[in-house]
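Side chains included, hydrogens not; waters and symmetry mates left out as well; all remaining heavy atoms used.
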Amino acid sequence: PWPVLGATDVEGARVFVGVASFRDERCWRTLVSAFANARNPERVYAGVVDLRRPDDDEGESCLVRFCEASRRAFARVGVGPGRGTLNCPW
């Protein structure tokens with residue numbers, strides 16, 4: 001097992017959010033929420049498995065929708081991932 005972090009070790013701690021999505025239209029909201037509610041969003045890492053068919057017309061992928069939503073959300077406050085810019089670093 002991983003060592004338990006002491007009170008002095010939490011400054012550099014990172015959080016990994018793993019999401020497995022099967023044609024889930026709400027997956028992107030989970031990611032936006034994870035970054036928006038994090039005290040230190042730059043230390044949050046996400047891994048997404050978005051299971052879709054190549055010809056799937058059920059909407060855009062989780063990451064495409066996440067990037068669009070996060071640009072709007074973080075641009076309003078000017079902080080967080082992307083710092084309000086139009087790129088999506090994830």
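Taking SG of Cys62 as the reference point, atom CZ of Arg52 lies at 9.0 Å (rounded to 0.5 Å). Atoms CZ and SG, from Arg29 and Cys27 in turn, are 11.5 Å apart once rounded to the nearest 0.5 Å. Note that OG1 of Thr30 is 7.0 Å distant from CG of Asp24, once rounded to the nearest 0.5 Å. Annotation: the span from Trp28 atom CH2 to Leu63 atom CG amounts to 13.0 Å, rounded to 0.5 Å.
Annotation: side-chain contact (heavy atoms from CB on, under 4.5 Å) contacts of Ala20 (sequence neighbours excluded): none. Every residue meeting the side chain to side chain donor-acceptor pair (under 3.5 Å) condition with Ser33, not counting sequence neighbours, appears here in chain and number order: Asn37. Val64 is linked by a side-chain contact (heavy atoms from CB on, under 4.5 Å) to Glu60, Ser61, Glu68, counting only residues two or more places apart in sequence or in another chain.
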Exercise for review: Show your working on side chain to side chain contact (heavy atoms under 4.5 Å, CB included) between Val19 and Val49 and close with a plain yes or no.
Suggested key: CA-CA 6 Å; Val19 178; Val49 177; over 6 Å; no
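In this structure, Asn40 contributes its side chain and Glu42 its backbone to no donor-acceptor pair below 3.5 Å.
Other members of the hydrophobic cluster containing Tyr45, listed by chain and number, are Phe16; membership follows side-chain contacts under 4.5 Å among ILVMFWY residues, whether direct or relayed.
Two residues are said to be in side-chain contact when any heavy atoms from C-beta on lie closer than 4.5 Å; Val17 and Val44 meet this criterion.
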